[in-house]
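I have placed the structure first, in the form of structure tokens, so that the comments after it can refer back to it.
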Number of protein chains: 2
Amino acid sequence: MTWRTTVTLELLPSPIHSTQRGIAPAHHRCDDCPVRASALCGSLNDEELVSLNRLGRRRIVQAGQIVSWAGDPASMFANVISGALKITALTVDGREQIVGLLFPGDFVGQLFSDKTQLTVTAMVESDLCTYPRSAFEAMLDAFPRLERTLLQRVLASLNEARDRMLTLGRKTAQERVAGFIQYLAMRSGDVRADGTVDVILPVNRTEMADYLGLTIETICRQLTRLRTMSVIAFGASPRDCRILDSEQLDYLANPI
Amino acid sequence: MTWRTTVTLELLPSPIHSTQRGIAPAHHRCDDCPVRASALCGSLNDEELVSLNRLGRRRIVQAGQIVSWAGDPASMFANVISGALKITALTVDGREQIVGLLFPGDFVGQLFSDKTQLTVTAMVESDLCTYPRSAFEAMLDAFPRLERTLLQRVLASLNEARDRMLTLGRKTAQERVAGFIQYLAMRSGDVRADGTVDVILPVNRTEMADYLGLTIETICRQLTRLRTMSVIAFGASPRDCRILDSEQLDYLANPI
DNA sequence: CGGAACGTTGAGCATAATCAACGACTGTGG
DNA sequence: CCACAGTCGTTGATTATGCTCAACGTTCCG
């Protein structure tokens, strides 16, 4: 049994045929929320959480479904409980750029602004904990620690956005692709006994291209190149990636 | 007297031979601060400003001088009183991307984070109102309105950063250059009686290239192209730009 | 079996980068 | 005063990187 034939996709539900349907109960318990520690709510104590609890509604969005449209009034705010979403910007003639990815613990939504130029789409079935925007803004007034945590998150997002500007403005295709795999490995890679690292790509080739400002063909060619160089290998699915040579990958992502 | 020969550079002090030297008095009056309305401090009342006043120090930085180095401990926070600065990110081999421009009323500095990967450099002689980072963070605790204003600013910067990702990842050289001139016109253009708009480019060609993710030669060729098409014209200096055909410029920036 | 979505590979092309030369302007020092 | 160096901006010739267009393979369902 080789890596190439036996490894299966575990982390991500298939985008095509998700089985779960329906809407979670209106009120849920924050106590056993899987992202309580990592989400914004982590800055609140049990007592304060009760207020939030009353406001929050669970919402399950299917793969491909749009959560928030560019140009729409920004009326919602939400925490991601599970799944994966993309934030995209579009040119008038339809070229797409993914400007951010959202995973469990991240938040969605424009605050203090009536319109958004961005679209949020679920890439796989995702579970959101949503609040009316105005109610959440009121919570920020009431709980300074919540606001401070939000500020820190937004500052971190801004730093990440600026780092991505360097990638999009100045890096070659090879550096972008190698750097993306490296970033995913750092974020959620599984280091194995022999030093190789398993990474499940959370996006398909098209999304990878839209994230890195390249075309799908260029993504494929660069991945093939990395595979030919034995820097990475693929498992059963083209989303199961194993890093064979982290040092070389780092060099390709950040040459001299 | 034609536009091409008579218009002079007014807004920006020459980057080469600035005459003013020295350091402003340690304590200044916020009352007659030129950016009081537009800077973060605008959210404070007169009484609260007294506390800030005690902490702030004026600092004049010369053109080309670095205010904050990538990798340095982030110990300073400042408001821009006058001038223009750039925030840059660098690849390991020295390619540069300008990830943000700073003008009077904007703030400089990393908060709640011990290191920064970004470098801030004065493009022309600039006047800053600086605070020790820790002291400013304490002010945020004391004055919730200050923190709220900061949060709104950072959210706006994040939106701008994401918009720039679309430019850097998906737009052509023509769209980038036309869009940049359009952006400057919207921000600080001077509309004339005949409908043309005067814009003083706050950056030289190299900085324009580093901002738009292009080379200096491509910038020149695109500007020449716009000039040949009579969409823009240049005055005495290559930084004095006049928009002759705003409609066409908009079409070139956002085709179909 | 057939269609749809996704992924890969090839051939040719176009956009922007690279390399090079030159003009305008400014300040410096002989 | 003029020669010179330095910076900035412009233009030309050539190249290369990544895009476009096209074909085809695989997988998964209906």
Side-chain angles (χ1 to χ4, degrees), chain A residues 4-5 8-9 12-19 63-64 91 93-97 123-124 167-177 201-210 212-228 232 234-241 255, chain B residues 4-5 8-9 12-19 63-64 91 93-97 123-124 167-177 201 203-210 212-228 232 234-241 252 255:
Chain A
R4 178 161 282 285
T5 54
T8 55
L9 198 65
L12 297 168
S14 161
I16 306 298
H17 34 95
S18 307
T19 52
T91 63
D93 62 345
R95 282 165 282 167
E96 176 171 329
Q97 176 66 46
M123 296 189 295
V124 296
T167 296
L168 295 172
R170 289 297 184 211
K171 296 201 179 174
T172 64
Q174 180 185 87
E175 291 168 312
R176 296 184 202 204
V177 172
L201 309 181
V203 293
N204 63 28
R205 299 294 189 259
T206 303
E207 287 157 347
M208 214 165 144
D210 290 340
L212 296 174
L214 299 169
T215 59
I216 180 174
E217 295 94 332
T218 299
I219 297 289
C220 273
R221 283 186 245 272
Q222 291 298 332
L223 288 174
T224 298
R225 189 149 173 272
L226 290 175
R227 186 159 47 74
T228 306
I232 61 173
F234 286 101
S237 136
R239 286 158 81 135
D240 292 326
C241 180
Chain B
R4 180 161 280 284
T5 55
T8 56
L9 196 64
L12 297 169
S14 162
I16 305 297
H17 36 97
S18 307
T19 52
T91 62
D93 62 345
R95 282 165 283 167
E96 177 171 327
Q97 175 66 45
M123 296 189 295
V124 297
T167 297
L168 295 172
R170 290 298 184 211
K171 296 201 178 173
T172 64
Q174 181 185 86
E175 291 169 309
R176 296 185 203 203
V177 173
L201 308 182
V203 293
N204 63 26
R205 299 294 189 260
T206 302
E207 288 157 345
M208 214 166 143
D210 288 340
L212 296 174
L214 299 169
T215 60
I216 181 174
E217 295 95 331
T218 299
I219 297 289
C220 273
R221 282 185 246 272
Q222 292 298 330
L223 289 174
T224 299
R225 189 150 172 272
L226 290 175
R227 185 160 47 74
T228 307
I232 62 173
F234 286 100
S237 134
R239 285 159 81 134
D240 292 327
C241 180
L252 295 172

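So that the names make sense, note that chain A is the first sequence line, chain B the second, and so on, each numbered from 1.
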Query raised in the report: Between Leu201(A) (CG) and dG7(C) (C1'), how many Å, whole number?
Result: 13 Å

Query raised in the report: Who pairs with Thr206(A) by side chain to side chain donor-acceptor pair (under 3.5 Å), at least two apart in sequence or on another chain?
Result: none

Query raised in the report: Tell me: CG of Leu223(B) to P of dT10(D), nearest whole Å?
Result: 7 Å

Report task. Could you check how far CZ of Phe234(A) sits from P of dT9(C), rounded to whole Å? Result -> 10 Å

Report task. Report the distance from atom CZ of Arg225(B) to atom C1' of dT10(D), rounded to the nearest whole Å. Result -> 17 Å

Query raised in the report: What string of B, S and - do you get for nucleotides 15-27 of chain D 5' to 3' if you count protein non-hydrogen atoms under 4.0 Å?
Result: ---SSBB------

Report task. Could I get the full list of side chain to side chain contact (heavy atoms under 4.5 Å, CB included) partners for Thr215(B), not counting sequence neighbours? Result -> Glu217(B), Thr218(B)

Requested in this report: Give the intermediate values and the outcome of side chain to side chain contact (heavy atoms under 4.5 Å, CB included) for residues Leu168(B) and Arg176(B).
Outcome: CA-CA 8 Å; Leu168(B) 295 172; Arg176(B) 296 185 203 203; 4.0 Å; yes

Query - Thr224(A) side-chain N/O to dT9(C) phosphate OP1/OP2 under 4.0 Å - result: yes

Query - For atom CG of Asn204(A) and atom C1' of dC28(D), their distance in whole Å - result: 16 Å

Query - Those residues that, when tested against Thr224(A), pass side chain to side chain donor-acceptor pair (under 3.5 Å) (two or more places apart) - result: none

Requested in this report: Could you tell me the separation between the CG atom of Leu226(B) and the P atom of dT10(D), rounded to a whole number of Å?
Outcome: 12 Å

Query - salt bridge (charged side-chain N to carboxylate O under 4.0 Å, His left out) contacts in which one or both residues fall within residues 201-210 of chain A, not counting sequence neighbours - result: Asp210(A)-Arg170(B)

Query raised in the report: Excluding sequence neighbours, so at least two apart, what forms salt bridge (Lys or Arg N to Asp or Glu O under 4.0 Å) with Arg95(B)?
Result: Glu175(A), Asp93(B)

Query raised in the report: Rounding to a whole Å, what distance do you find between Ile219(B):CD1 and dT11(D):P?
Result: 14 Å

Report summary line: note: Arg227(A), atom CZ; dG7(C), atom C1'; distance rounded to Å ~ 11 Å

